[in-house]
Amino acid sequence: MAIANYLVTDNNLGAIAHTHPVYGLPIGWAFAIWGIIYTLEGLFVVYQALPFQRFGGLREPSYAKIRGPVLALFAANSAWLFLFGYEVYWASQVVILVYDALLFVVLRRLDVNQLSSRRSAASKLAAAAFSANASWVTVASCLGIQVVLLDEGWLPSPDFAIGLLVVAVAVACAATFEYSDPVYAAVAAWALGGIIANQADASEFGCKSQICPACLAAAIPICSRDDTSARDGRPNGFAPLDCDSYTESSPDECVVAKSASVVGWAYAGIGCVAFALAAGLVRGYLRRQAEKRAPRPQPPFLEDVPSTPASGDSP
């Protein structure tokens, strides 16, 4: 996956982001979260293959339940990178939704509350890796819908983007509360913070200084498409920018209007996720205390196992 990500990122992903300035797009630095996600998943992949008794996960019971969907989601991740990177947007959107669903299948099968005293460190490591991935990919799925619609000729409105943010925040709150999961909450807040930063006055979101260098670096159809949108501040093509004559000394022009309402809702989303995390941690702590008070399940005693009659004994 890391190799696929490098190959495609080097080719087109950044250019697509810069030439599709939709309101659910986080700022560039926010995508550095993939380094953490891939590191956590890399640790899982290595650990789950180790056959050692004490420091190996090959025989970890919780891992046996997730190896199938993990392989499938890794394949979906790789497929999405190539499909989206080579601008096959509709197919890439189907794939990312499957990818996201598989991540939640893994989380459900692990069913790890991060404060539980009865779940192994190995299962918590896996849960952290895939909850980070699920948190970001849920936001990315909402972003992908907007990119598809812009490519079809309609830049979705701020209200449309806010509706999708509400969905992503609701999923984040549910997962964070259910699993007492600070990792899911942190990644969701990071993504929302990236969206806020991209709508700041200093951001080059929707500006000629960001769009034109990307258009010059990659042959993306929206760059040469006329703007036929009737909505001011929401163009559907960037041919009027005349990027072929663009230089770094050219005067800047921001053709996509920034949205204060998106910023406000993103801040509200961070607040909701923080509240869900606090409630989830309280719930997790109470469950942990209940686990400590409850007797641990014990294996059956030898005398409880029916004995086998010796040969020659009468039945």
Side-chain angles (χ1 to χ4, degrees), residues 23-27 29-37 39-41 43-44 62 66 100-101 103-143 161-200 259-294:
Y23 288 103
L25 177 68
I27 201 166
W29 51 253
F31 290 87
I33 194 69
W34 278 111
I36 296 174
I37 293 171
T39 297
L40 289 172
E41 290 182 341
L43 290 173
F44 162 78
S62 63
I66 65 171
D100 202 20
L103 284 162
F104 283 100
V105 168
V106 169
L107 293 180
R108 175 49 60 186
R109 290 190 182 183
L110 286 169
D111 195 21
V112 170
N113 187 290
Q114 291 290 352
L115 294 186
S116 174
S117 61
R118 295 189 176 178
R119 302 310 299 268
S120 66
S123 62
K124 291 180 179 181
L125 167 65
F130 295 110
S131 66
N133 199 339
S135 185
W136 183 267
V137 171
T138 299
V139 176
S141 297
C142 296
L143 168 61
I162 288 167
L164 292 176
L165 281 183
V166 169
V167 173
V169 167
V171 173
C173 289
T176 298
F177 177 77
E178 176 67 20
Y179 301 121
S180 304
D181 193 346
V183 176
Y184 199 113
V187 174
W190 177 267
L192 292 169
I195 292 171
I196 291 168
N198 217 20
Q199 295 300 311
S259 172
S261 60
V262 169
V263 171
W265 279 90
Y267 272 122
I270 292 174
C272 289
V273 172
F275 180 81
L277 176 60
L281 291 175
V282 171
R283 175 174 177 264
Y285 173 78
L286 294 175
R287 289 179 62 180
R288 182 184 179 91
Q289 296 303 110
E291 288 171 353
K292 288 180 177 179
R293 291 191 297 268

What are the two closest heavy atoms between [X] and [Y], and how far apart are they?
X: Q114; Y: A127; result: NE2-CB, 3.6 Å
X: G193; Y: I270; result: N-CD1, 4.1 Å
X: A168; Y: V139; result: CB-CG2, 4.3 Å
X: S135; Y: A188; result: OG-N, 3.0 Å
X: L115; Y: R288; result: O-NH1, 2.8 Å
X: W136; Y: V187; result: N-CG1, 3.7 Å

Qualifying residue, where the test is side-chain contact (heavy atoms from CB on, under 4.5 Å) with D100 and the options are V171, V105, N133, V137: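 Per the side-chain contact (heavy atoms from CB on, under 4.5 Å) rule, the option paired with D100 is V137, out of V171, V105, N133, V137.
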To the nearest 0.5 Å, what is the distance between [atom1] on [X] and [atom2] on [Y]?
X: L125; Y: F130; atom1: CG; atom2: CZ; value: 9.0 Å
X: L281; Y: N113; atom1: CG; atom2: CG; value: 9.0 Å
X: S123; Y: R118; atom1: OG; atom2: CZ; value: 14.0 Å
X: E178; Y: R108; atom1: CD; atom2: CZ; value: 5.5 Å
X: D181; Y: L107; atom1: CG; atom2: CG; value: 7.5 Å
X: L192; Y: W265; atom1: CG; atom2: CH2; value: 12.5 Å

Backbone of V263 reached by a side-chain donor or acceptor of Q199 within 3.5 Å: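 Such a contact is absent between Q199 side chain and V263 backbone.
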CA sep, side-chain torsions, deciding dist, call: I66, F44, side-chain contact (heavy atoms from CB on, under 4.5 Å): CA-CA 12 Å; I66 65 171; F44 162 78; 3.8 Å; yes
Trace of the side-chain contact (heavy atoms from CB on, under 4.5 Å) decision for L277 with F177: CA-CA 6 Å; L277 176 60; F177 177 77; over 6 Å; no
Geometric class of the F104/Y184 ring pair [parallel <30°, tilted 30-60°, perpendicular >60°]: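 Correct class here is tilted.
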